[in-house]
Amino acid sequence: MPEGHTIHRAAQDHGALIAGHRVSAVSPQGRFADGAALIDGALCLGTEALGKHLLYHFDVQQTLHLHLGLGGYFVTGAQPASAPRDVTRLRIETGRALIDIIGPNTCELIPNDALDGFRHRYGPDLLAADPDPDRAIAAIRKSRAPIARLLMDQKVISGIGNIYRAEILWLRGLDPMTPGKNLSETQLRALWDDMRALLQIGVATGAIITNSETPSPKREVRERTNIFGKDICPRCDGQIVKSQLSGRTLYHCPRCQT
DNA sequence: AGAGTTGTTCAAGC
DNA sequence: AGCTTGAACAACTC
């Protein structure tokens, strides 16, 4: 479900819903009962996105940490609400709004004094207010792993998932298998700028939009990609090649990406 | 019904 | 040490 833009967007939305409010929290199937009990009645101080991770700060000594993983998602809404679904892990609500967290990869509390350590475990976040691209660029230039793998490695850079990686490498005409150390600082800086701009579009629209086709204004916004999930390259009309890299499907155009 | 999927972590092997 | 693979987890869609 999410790449970095989803989580940053959720951080904004959820912050608007519950920051500054006392919340009630329940774990309908009891799979996060202890955590829910600790949050229940606490004042939400704000939310924080770190790449694909989402933190909710409360006036207690621990912070709620979520990662949606592959299949997780949120449902937000106004009161009165229907009962949480069977798959709902945690419901957070104020008198006026609620957030259901469904199918997360990670739903846990981390002690506040461990937050800095947590933040330093990951590479610079493309969507941070003032990120440090040099850290990511240096890590890439030190590695002989393929750039397609490095872009997905959140320890190197935070926010890119399988769709953005395919799209960005195609946009820049880069062979996904190029070793990181073969890329110049200039190339990587341009790549960073492109990725950041694309993710910002993602936050603004709620969709992964990497092509410049005119959007149909009425239709619900959905993903608009160049090669992800496609068979034919829009640039050269050649076949898009699907392969497996670290268990994920990699798309690329062998003619355009060399 | 089963496979695939916008993801990560861990363990083990090279 | 850096790099790679495979399994496990989760909830949805086709």
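Since this is a predicted model, take the numbers as computed values, not measurements. Throughout, protein chains are lettered first and strands after them, A, B, ... in sequence-line order, and every chain is numbered starting at 1.
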Side chain to side chain contact (heavy atoms under 4.5 Å, CB included) for A/D13 and A/F74? Distances and angles first, verdict last.
CA-CA 11 Å; A/D13 293 349; A/F74 300 113; over 6 Å; no
Regarding A/R31, tell me which of base, sugar-phosphate or nothing describes its non-hydrogen contacts under 4.0 Å with the strands shown.
sugar-phosphate
What is the distance, to the nearest angstrom, from the NE2 atom on A/H53 to the P atom on B/dG7?
12 Å
Would you call A/D237-A/R255 a salt bridge at under 4.0 Å N-O?
no
NA contact type, A/Y164, heavy-atom cut-off 4.0 Å: base, sugar-phosphate, or nothing?
nothing
Rounded distance in Å - CG (A/L250) to P (B/dT5)
12 Å
Categorize A/P179 for me: base, sugar-phosphate, or nothing, with a 4.0 angstrom heavy-atom threshold over every strand shown.
nothing
Quick one: is B/dG4 close enough that its OP1 or OP2 comes under 4.0 Å of any side-chain N or O from A/T249?
no
Whether A/Y251 contacts B/dT6 is assessed here as follows: a side-chain N or O lying under 4.0 Å from the phosphate OP1 or OP2. Is that the case?
no
So what does A/T106 touch, heavy atoms closer than 4.0 Å: a base, only the sugar-phosphate, or nothing?
nothing
Taking atom C1' of B/dT5 as reference, at what distance in whole Å does atom CD of A/E3 sit?
12 Å
Residue-phosphate contact under 4.0 Å: A/R248 side-chain N/O, B/dT8 OP1/OP2
no
Paired to B/dT6 by Watson-Crick or G-U wobble criteria (both distances under 3.5 Å) is none
Report the relative orientation of the aromatic rings in A/Y122 and A/H53; use parallel for angles under 30°, tilted for 30 to 60°, perpendicular for over 60°.
tilted
For the pair made of CG in A/N162 and P in B/dT6, what is the distance, rounded to whole Å?
5 Å
Base, sugar-phosphate alone, or nothing: which one does A/R121 contact when heavy atoms must sit under 4.0 Å apart?
nothing
Mind checking A/G72 for me? I need base, sugar-phosphate or nothing, with any heavy atom below 4.0 Å counting as a touch.
nothing
A/S246 or A/K242: which one's nearest nucleotide on DNA chain B is closer to the 5' end?
A/K242
Would you mind classifying the nucleic acid contact of A/N105 as base, sugar-phosphate or nothing, using non-hydrogen atoms under 4.0 angstrom?
base
A/A145 side-chain proximity, nearest of C/dC12, B/dT8, C/dT4
C/dT4
Rounded distance in Å between the C1' positions of B/dT6 and C/dT4:
23 Å
Calculate the interatomic distance between A/F32 atom CZ and C/dA10 atom C1'; express it in whole Å.
16 Å
Closest to the side chain of A/Y122, out of C/dC12, B/dT6, B/dT9, is B/dT9
OP1 or OP2 of C/dT4 under 4.0 Å from side-chain N/O of A/R149
yes
Separation of C/dC3 P from A/M177 CE (nearest whole Å)
14 Å
Scan A/T6 against the nucleic acid and name what it touches under 4.0 Å (heavy atoms): base, sugar-phosphate only, or nothing.
nothing
Whether A/R85 and A/D100 form a salt bridge (side-chain N of Lys/Arg under 4.0 Å from carboxylate O of Asp/Glu) is what I want to check.
no
Gap between atoms CD1 and C1', on A/I163 and B/dG7 respectively (whole Å):
12 Å
Integer-rounded Å distance: C/dA11 C1' and A/F74 CZ
14 Å
Can you tell me if A/Y73 touches the phosphate of C/dC12, counting only side-chain N or O atoms and a distance under 4.0 Å to OP1 or OP2?
yes
Looking at the side chain of A/V87, which of B/dT9, C/dC12, B/dT8 is the nearest nucleotide?
C/dC12
Donor on one side chain, acceptor on other, A/T63 and A/N112, under 3.5 Å
yes
Please determine if A/D193 and A/R196 form a salt bridge, counting it only when a charged side-chain N lies under 4.0 Å from a carboxylate O.
no
Judged by nearest nucleotide, the residue sitting upstream toward the 5' end of DNA chain B, A/Q154 or A/Q244, is A/Q244
Same cluster or not: A/Y251 versus A/V241, using hydrophobic residues (I, L, V, M, F, W, Y) connected whenever any side-chain heavy atoms lie under 4.5 Å apart?
no
